[in-house]
Amino acid sequence: MSTPPAQPRSPGRTVIRGGLVITASDEMHADLLIEQGKIVALAAHGSDVAAGWSAERELDATDKYVLPGGVDAHTHMDFPFGGTFSSDDFETGTRAAAWGGTTTIVDFAVQSRGHALREGLDAWHAKADARCAIDYGFHMILSDVNDGTLKEMDLLVEEGVSSFKLFMAYPGVFYSDDGRILRAMQRSAGNGGLVMMHAENGIAIDVLVEQALEAGRSDPRYHGEVRRTLLEAEATHRAIQLARVAGAPLYVVHVSAEEAVAELAGARDKGLPVFGETCPQYLFLSTDNLAEPDFEGAKYVCSTPLRPKEHQESLWRGLRTNDLQVVSTDHCPFCFNGQKELGRGDFSKIPNGMPGVEHRMDLLHQAVVEGHITRRRWIEIACATPARMFGLYPKKGTLAPGADADVVLYDPKAEQTLSVDTHHMNVDYSAYEGKRITGRVDTVLSRGELVLDGRQYVGRAGHGQYVPRGTCQLLD
Ligand code: URP
Ligand code: ZN
Ligand code: ZN
């Protein structure tokens with residue numbers, strides 16, 4: 001039997017007192033007043049204004065950080081890949097996200113080849129509807145760029161699906177050639193959409209895959225070897241040039257290679273509207289994991305692949321210098337048993353993707369503790385900028401009057417060890433098994449409703465609402 005929550009889940013007014021409020025721009029000891037699911041006011045802790053607030057619910061944030069809820073702009077719940085589906089659906093995946101302090105996800109609806117965008121979008125709405133613990137939006141994966149789908153892009157932007165993922169990888173599945181990519185970019189230049197690029201030269205990679213398998217190199221580590229850094233850099237360069245020709249902005253997803261960061265930095269130095277995202281797995285894991293024996297490396301198969309450790313410093317630097325702007329998870333979990341195992345004896349059949357939606361805020365706090373980034377930069381790359389990039393700001397991504405009351409009380413001193421035994425994602429392993437983290441999410445509110453209350457889950461499937469998005473807010 002579960003213990004009833006200590007506080008009403010959704011009272012009229014809530015006050016959060018005594019914490020250190022951290023946004024992308026400020027840190028201050030402030031109290032927060034919430035009403036009707038929105039932040040109404042912030043006032044200095046101990047001020048007469050804050051002392052005068054009364055509320056049905058008071059949350060004590062003494063010795064805690066008060067943060068905007070995390071915005072994870074790259075997840076794949078219930079996602080078809082390699083003959084199977086990612087093991088978190090919208091219910092389990094958004095619950096796990098909430099445990100980790102993320103209160104908004106932007107997931108990828110998929111257009112199947114030969115089908116309309118609308119069909120794909122409807123299917124993803126049906127998967128998510130009434131199942132989510134936190135709010136969610138959609139990007140659209142374009143698998144088939146043609147006259148019909150180009151027209152549909154305009155309609156989707158208007159109704160709040162304002163970003164489109166294209167793949168230079170995965171020939172025969174999601175792959176688009178340069179002509180199709182250029183046409184989609186031209187369309188997005190006209191309709192305000194943002195093209196998100198999976199930048200790897202999939203045609204060349206497939207040749208290397210075939211050659212590796214012919215030579216008997218079938219273990220998971222060869223996934224990393226054939227997906228060469230140069231082929232990520234080359235595709236990143238090509239995507240940037242195509243976006244220039246189209247006069248369109250570009251967002252490159254899951255950047256992992258130092259050489260790709262250099263391409264983005266060079267483009268940004270020229271003043272081009274080019275953006276980059278990386279993910280915790282590239283910051284904390286490496287090809288050493290892919291090389292783990294007894295097929296354990298399969299747990300770390302994702303694309304772009306994990307890189308040698310030496311690449312991590314350039315990713316951290318890119319995050320500090322703003323050559324990379326966003327950290328998302330690319331959460332796409334597949335169980336080791338029964339799913340990753342599909343690729344025993346042939347690494348190219350291992351479903352690509354890793355679990356992580358629950359750990360992003362903690363891993364990035366660990367990066368603060370270790371001195372890679374500041375506290376405000378943590379909030380910028382995990383909350384504010386993803387919200388701005390994908391047209392959700394200031395409803396999401398900050399703590400300010402008028403914003404949704406998506407709030408995290410974070411205990412910066414708590415110690416935890418990540419493990420499959422304690423995580424909430426629906427997957428049978430942890431990519432971070434045994435990793436020690438300083439800091440832990442304590443309490444989470446989504447639109448003023450408690451989802452996590454002092455490490456007790458009090459959320460519910462169906463609380464999360466679909467959020468239509470505006471266009472990218474980082475363009476002049
Ligand atoms: O390996 C990955 N990243 N799987 C999810 C699909 C994608 O390319 O983002
Ligand atoms: Zn991708
Ligand atoms: Zn992805």
Side-chain angles (χ1 to χ4, degrees), residues 72-88 93 97 105-112 120 124 136-143 163-176 181 194-202 205-206 209 220 223-224 226-227 231-232 235-236 239 250-257 260 275-283 285 287 289-290 297-307 326-336 339-340 342-343 347-357 360 386 389-390 425 427 431:
D72 189 342
H74 188 153
T75 66
H76 301 276
M77 307 302 174
D78 203 1
F79 180 73
F81 196 103
T84 185
F85 286 82
S86 59
S87 56
D88 263 319
I105 60 165
V106 191
D107 201 88
F108 288 83
V110 180
Q111 176 204 18
S112 306
W124 255 257
Y136 61 99
F138 289 124
H139 314 284
M140 188 84 221
I141 286 178
L142 296 187
S143 316
S163 37
F164 302 90
K165 185 173 178 191
L166 286 139
F167 288 79
M168 301 169 112
Y170 307 133
V173 189
F174 296 124
Y175 172 81
S176 293
I181 289 169
L194 181 62
V195 167
M196 308 171 75
M197 189 59 72
H198 181 131
E200 287 187 293
N201 185 328
I205 286 168
D206 272 10
V209 169
H223 171 84
V226 298
R227 303 186 89 90
L231 296 176
E232 183 186 344
T236 306
L250 174 70
Y251 177 93
V252 182
V253 294
H254 47 53
V255 175
S256 62
F275 307 103
E277 159 202 279
T278 191
C279 311
Q281 52 270 34
Y282 306 119
L283 296 163
L285 304 172
T287 44
N289 300 99
L290 268 175
K299 295 174 175 175
Y300 308 94
V301 164
C302 60
S303 296
T304 60
L306 301 185
R307 301 297 184 191
V326 172
V327 176
S328 305
T329 57
D330 193 6
H331 177 75
C332 190
F334 296 99
C335 287
F336 184 71
Q339 293 193 297
K340 291 288 187 182
L342 294 168
F347 68 83
S348 73
K349 295 199 165 62
I350 301 169
N352 283 203
M354 284 180 52
V357 76
R360 185 182 63 127
M389 189 73 70
F390 297 107
M425 300 175 286
V427 62

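In each ligand, atom 1 is the first atom listed, and ligand 1 is the first ligand listed.
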Mind checking whether [X] and [Y] have ring centres under 6.0 Å apart?
{"X": "His139", "Y": "Phe390", "value": "yes"}
{"X": "His198", "Y": "Tyr170", "value": "yes"}
{"X": "Phe108", "Y": "His74", "value": "yes"}

Checking contacts here: is it the side chain or the backbone of [X] that comes within 4.0 Å of ligand 1, counting heavy atoms only? Could be both or neither.
{"X": "Phe167", "answer": "side chain"}
{"X": "Asp330", "answer": "side chain"}
{"X": "Cys332", "answer": "side chain"}
{"X": "Tyr170", "answer": "side chain"}

Just to verify, what does Tyr282 make a side chain to side chain donor-acceptor pair (under 3.5 Å) with, not counting sequence neighbours? Thr304
As a check for students: among His331, Lys165, His223, identify the option with a heavy atom nearest to atom 7 (C) of ligand 1. Lys165
Once rounded to the nearest 0.5 Å, what's the spacing between atom OH of Tyr175 and atom CG of Asn201?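 Reported value, rounded in 0.5 Å steps: 7.5 Å.
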Value rounded to 0.5 Å, distance of CG in Asp88 from CZ in Phe79: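 Asp88 CG to Phe79 CZ: 14.0 Å, rounded to 0.5 Å.
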Numbering the atoms of ligand 1 from 1, which are under 4.0 Å from a heavy atom of Gly353?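 It comes down to these atoms of ligand 1: 1 (O), 2 (C), 4 (N).
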Below 4.0 angstrom from a heavy atom of Cys302, which ligand 1 atoms are there? Numbered from 1 as shown, please. 1 (O)
Can a donor-acceptor pair be found between the side chains of Glu277 and His254 at a distance below 3.5 Å? no
Do Ile141 and Phe167 come within less than 4.5 Å of each other through their side chains, counting heavy atoms only? yes
At what distance is the nearest protein heavy atom to [atom], and which residue and atom is it?
{"atom": "atom 8 (O) of ligand 1", "value": "His198 ND1, 3.1 Å"}
{"atom": "atom 6 (C) of ligand 1", "value": "His76 NE2, 3.7 Å"}
{"atom": "atom 2 (C) of ligand 1", "value": "Ser303 O, 3.5 Å"}
{"atom": "atom 4 (N) of ligand 1", "value": "Asn352 O, 3.0 Å"}

Rounded to 10°, how big is the angle at the Zn ion (ligand 3) from His76 NE2 to His74 NE2?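 Vertex the Zn ion (ligand 3), arms to NE2 of His76 and NE2 of His74: 110°.
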Please enumerate all residues that pass salt bridge (Lys or Arg N to Asp or Glu O under 4.0 Å) together with Arg360, with sequence neighbours excluded. none
Residue list, salt bridge (Lys or Arg N to Asp or Glu O under 4.0 Å) with Lys299, at least two apart or on another chain: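 Result, salt bridge (Lys or Arg N to Asp or Glu O under 4.0 Å) vs Lys299: Glu296.
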Can a donor-acceptor pair be found, under 3.5 Å and without considering hydrogens, that links the side chain of Lys340 to the backbone of Cys335?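 Such a contact is absent between Lys340 side chain and Cys335 backbone.
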Could you please give the number of protein N/O/S atoms within less than 2.8 Å of the Zn ion (ligand 2)?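 Those protein atoms number 3 in total.
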Close approach of His74 to ligand 1, heavy atoms, under 4.0 angstrom: yes
Quick one: do Glu232 and Arg227 make a salt bridge, cutoff under 4.0 Å? no
